[in-house]
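What follows is a single structure, written as structure tokens, with notes after it.
We count ligands from 1, going down the list as the structure has it; atoms in each ligand are counted the same way. The figures here come from the full heavy-atom set of this structure, side chains too, leaving out hydrogens, waters and symmetry mates.
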Amino acid sequence: MKTIHALAKRLQAGEVTSAALTEQYLARIAELNPALNAYLTVAGDLAMADARTADDRLRRRADLTPLTGVPIAIKDVIVTKGIRTTCGSKILADYLPPYDATVIARLRAAGAVILGKCNMDEFAMGSSNEHSAFGPVKNPWDTSRIPGGSSGGPAAAVAADCCAAALGSDTGGSIRQPASHCGIVGCKPTYGRVSRYGLVAFASSLDQIGPMTKDVRDAALLLEAIAGFDPNDSTALNVPVPSYQTELERGVRGLKIGVPKEYFVGGLDPEVAACIRSAIDTMKALGAEVSDISLPHTEYAVPCYYIIAPAEASANLARYDGVRFGLRAGNGAVSLKAMYGATRTDGFGPEVTLRILLGTYVLSSGYYDAYYRKAQQVRTLIKQDFLTAFNAVDAILTPTAPTTAFRFGEKTADPLQMYLSDIYTISCNLAGLPGVSIPCGFVNRLPVGLQLIGRPLDEATLLRIAYAYEQATPWHTQQPEAGISQPS
Ligand code: GLN
């Protein structure tokens with residue numbers, strides 16, 4: 001497994017150069033991407049230039065970090081100066097950002113190599129990558145199945161070893177659910193832990209950037225590299241970032257883990273549930289104290305999210321009007337309004353259009369109180385459930401997703417079925433809490449993910465529990481080699 005930490009050792013020992021490594025990754029992407037569609041843009045020349053700069057730094061042993069020379073992939077919702085950033089949408093198909101997101105600037109400062117930009121559901125709205133304007137991503141474990149969404153491109157790229165690790169974004173589960181379906185580690189940090197400057201906004205009170213990696217140590221070191229205050233994002237918290245890596249090996253003995261009874265009801269695949277129960281036994285064997293807890297407002301999370309997220313999206317996406325950037329349609333239109341209409345009709349796909357309509361509706365006068373204000377009140381209750389639970393436990397353990405990766409087309413006809421794929425991940429965003437998904441087994445050779453949810457800003461405890469579990473189990477060492485060559 002080419003983890004960041006393993007590659008860093010080889011790079012720093014002079015066993016391989018970043019240029020050679022980057023070439024290997026570019027070759028692998030060229031070989032596998034036609035089948036997977038995980039990358040939308042491969043920044044080959046820029047990546048080779050990054051690699052040569054990193055090699056120079058490695059030779060001088062100047063200012064080395066675990067990321068120096070390591071090839072990383074980026075979800076195409078994070079802006080990259082001079083590298084096309086599409087958000088999986090036709091409306092931004094040719095958009096070249098004039099600046100780097102803060103997380104990109106931090107990766108570059110650490111010496112990372114940016115390989116390219118990964119496919120995603122349009123504007124991060126989706127759970128299967130079937131809403132990308134550039135075609136779906138295939139799951140490397142079985143190419144007839146979805147990789148999860150919306151960060152399906154980064155998840156597939158990590159699982160198929162088309163990068164050392166990736167950055168994704170998570171508004172309602174978009175890092176954790178595809179991580180679960182692709183058998184990798186995905187971490188959504190606390191709201192405000194990582195700067196959103198340069199993350200194209202979907203729902204600003206929910207969005208967070210986070211690592212998608214091959215193991216927990218990589219998630220810890222990548223989070224450490226991107227987290228922390230940023231004057232360019234007023235919601236970025238000005239609090240110290242702990243050394244997640246040094247916390248990892250402290251074990252779980254004496255830690256209290258709660259299992260919410262509301263997460264083990266109808267809709268949860270029994271075989272997925274069995275993997276989770278066996279993970280609970282492992283946690284107990286490792287010395288954690290596991291108890292049942294209740295999060296009574298869980299059933300309201302999906303409806304609450306599908307009011308708040310579209311409401312915020314409808315405001316955020318108003319900027320795509322054909323005037324300032326992106327696609328312009330209807331040039332011959334008789335009025336400005338007609339040009340706006342033509343641009344937005346032509347540029348947005350059906351799911352984005354649906355969400356804008358939903359969001360506009362719940363914010364409109366007469367409905368604001370009935371829907372939007374009510375959803376905000378329910379959001380407070382959901383948050384309160386967690387804070388009460390954290391009086392008794394240090395972390396909460398749940399499945400990440402109710403099923404393993406489903407087949408293409410299985411849920412596209414019924415948006416509600418699709419929305420229910422995020423039933424276990426959404427609450428965490430509504431409450432602003434950190435969540436991690438780690439591999440915890442297989443059902444019919446498809447990966448299953450285990451989710452850990454923590455107290456605000458307590459990513460360290462989550463990663464520590466995740467690491468203890470990972471080191472005691474074989475799941476993270478499995479790779480989908482056979483799956484990639486399967487016919488689609
Ligand atoms: N699947 C959820 C949605 O469609 C979450 C997406 C996300 O986290 N970006 O909104």
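- In this structure, atom 2 (C) of ligand 1 lies nearest to the protein heavy atom Asp422 OD2, 3.3 Å.
- Salt bridge Asp76/Lys117: present, at least one basic N to carboxylate O contact under 4.0 Å.
- Of all atoms in ligand 1, numbered sequentially from 1 with element shown, those under 4.0 Å from a heavy atom of Met125 are 4 (O).
- Between Arg445 and Asp142 there is no salt bridge, since none of the side-chain N atoms of the basic residue sits less than 4.0 Å from a carboxylate O of the acidic one.
- Between Tyr320 and Phe348, the two ring planes are perpendicular [angle over 60°; tilted spans 30° to 60°].
- Here the heavy atom of the protein found nearest to atom 4 (O) of ligand 1 is Arg355 NH2, 2.7 Å.
- Comment: Arg344 does not engage Asp321 in a salt bridge, judged by the lack of any side-chain N to carboxylate O separation of less than 4.0 angstrom.
- In terms of polar-atom proximity, Lys75 is not counted as a contact of ligand 1, lacking any N or O under 3.5 Å from an N or O of the ligand.
- Not a single N or O atom of Ser169, backbone or side chain, sits closer than 3.5 Å to an N or O atom of ligand 1.
- Looking from atom 3 (C) of ligand 1 to the surrounding protein, the closest heavy atom is Tyr306 OH, 3.3 Å.
- Atoms of ligand 1 lying under 4.0 Å from at least one heavy atom of Ser150, given by number and element, are 9 (N).
- Proximity of Leu222 to Arg217: side-chain heavy atoms (C-beta onward) are nowhere separated by under 4.5 Å.
- Using a 4.0 Å cut-off between charged nitrogen and carboxylate oxygen, Asp218 and Lys214 do not count as a salt-bridge pair.
- Taking the centre of each ring, Tyr306 and Tyr419 come in below the 6.0 Å mark.
- Within a 6.0 Å radius of OH in Tyr300, no more than 12 heavy atoms belonging to other residues, nucleotides or ligands are found.
- The closest approach between any non-hydrogen atom of Tyr305 and ligand 1 is below 4.0 Å.
- The nearest heavy-atom contact from the protein to atom 6 (C) of ligand 1 is Ser174 OG, 2.8 Å.
- Heavy atoms of Tyr419 found under 4.0 angstrom from ligand 1: none, in either backbone or side chain.
- An N or O contact shorter than 3.5 Å links Gly173 to ligand 1 by distance.
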Inset, instruction - Evaluate salt bridge (Lys or Arg N to Asp or Glu O under 4.0 Å) for Lys374 paired with Asp369, printing each intermediate quantity in order. - result: CA-CA 6 Å; Lys374 180 74 83 196; Asp369 285 340; over 6 Å; no
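- Using cut-offs of 30° and 60° for the angle between ring planes, the Tyr197 and Tyr99 rings count as tilted.
- Polar contact with ligand 1: absent for Gly149 (N/O pair, distance under 3.5 Å).
- Under 4.0 angstrom from ligand 1, the non-hydrogen atoms of Ala124 come from both its backbone and its side chain.
- Close approach to Phe202 involves these atoms of ligand 1, each under 4.0 Å from a residue heavy atom: 9 (N), 10 (O).
- Atom numbering of ligand 1 starts at 1 in the shown order; those under 4.0 Å from a heavy atom of Gly172 are 5 (C), 7 (C), 8 (O).
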